[in-house]
Student: 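There's a structure below that I have some questions on.
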Amino acid sequence: MTKNYIYIILAFLCLSASSALAQDSKIQSKVQENTIEGLSFYPNPVTNGKLYISSKNNDDKQITIFDVLGKKVLQSLLTSKELNVASLSPGVYFIKIEEGDSSATRKLIIR
C-alpha cells in the first residue's frame with residue numbers, strides 16, 4: 001500500500017517538473033522576440049486623434065489596433081510618423097507595430 005503512495009507522489013512530481021519546464025521555454029521564447037529598435041509612440045493617452053510613431057530606422061510600418069476583446073479595429077500601412085486614430089472611440093486598445101522582421105505590441109489609450 002505504501003508503495004502505491006510512493007509511485008503516486010513520484011508521478012505527481014514528474015508531471016509538475018515537466019509543466020514547469022514547458023512554462024520556462026514559453027517565457028524564453030517571448031524574451032527572444034524581435035523588438036523594434038528605438039521605438040517610441042506618443043502621446044499616450046491620445047487626446048487629439050493623432051498618434052506619432054517613430055523608430056531608429058523609420059521604415060514603413062504595418063499598424064494593427066485591437067480592442068480589449070481582440071477584435072481588429074484599425075489596420076494601416078504607415079509611411080510617415082503620423083497615424084490618424086480619430087475614428088476610434090475612447091477606450092483601451094492594443095497596438096501592434098511591425099517594421100521589417102521586428103514587431104512590438106503595446107497598450108494604447110484613446111480619450
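In this chain, residues are counted from 1 in sequence order. What's counted below: heavy atoms across the whole structure, side chains too, no hydrogens, waters or symmetry copies.
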Student: Nearest 0.5 Å, what's the CG-CD1 distance between N58 and I53?
Tutor: 11.0 Å
Student: Does L78 share a hydrophobic cluster with I97, counting links as ILVMFWY side-chain heavy atoms below 4.5 Å and allowing steps through other members?
Tutor: yes
Student: Would you tabulate the side-chain donor-acceptor contacts of residues 36-46 under 3.5 Å, counting partners in other chains and residues two or more places apart, or write 'none'?
Tutor:
| residue | atom | partner | partner atom | Å |
| --- | --- | --- | --- | --- |
| E37 | OE2 | K56 | NZ | 3.2 |
| S40 | OG | S54 | OG | 3.0 |
| N44 | OD1 | I109 | N | 2.9 |
| N44 | ND2 | K107 | O | 3.0 |

Student: I'd like to know if I95 and L74 are part of one continuous hydrophobic network [Ile/Leu/Val/Met/Phe/Trp/Tyr, side-chain heavy atoms within less than 4.5 Å].
Tutor: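 Yes; I95 is reachable from L74 via cluster members.
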Student: Measure across T79 and D60 and return the closest heavy-atom pair with its distance rounded to 0.1 Å.
Tutor: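 Heavy atoms of T79 and D60 come nearest at CA-OD1, 3.6 Å.
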Student: What residue pairs, at least two apart or across chains, pass salt bridge (charged side-chain N to carboxylate O under 4.0 Å, His left out) with a residue in residues 80-101?
Tutor: K50-E82, K61-E99
Student: How long is the span from the CG atom in D67 to the CG atom in L108, to the nearest 0.5 Å?
Tutor: 12.0 Å
Student: Considering all heavy atoms of both residues, which atom of G49 and which atom of N84 are nearest to each other, and what is their separation?
Tutor: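 Nearest pair, atom of G49 first, then N84: O-OD1, 3.2 Å.
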Student: So, do L51 and I63 sit near enough that their side-chain heavy atoms are less than 4.5 Å apart?
Tutor: no
Student: Who passes side chain to side chain contact (heavy atoms under 4.5 Å, CB included) against K72, sequence neighbours left out?
Tutor: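 K72: side chain to side chain contact (heavy atoms under 4.5 Å, CB included) contacts with T64, F66, Q75.
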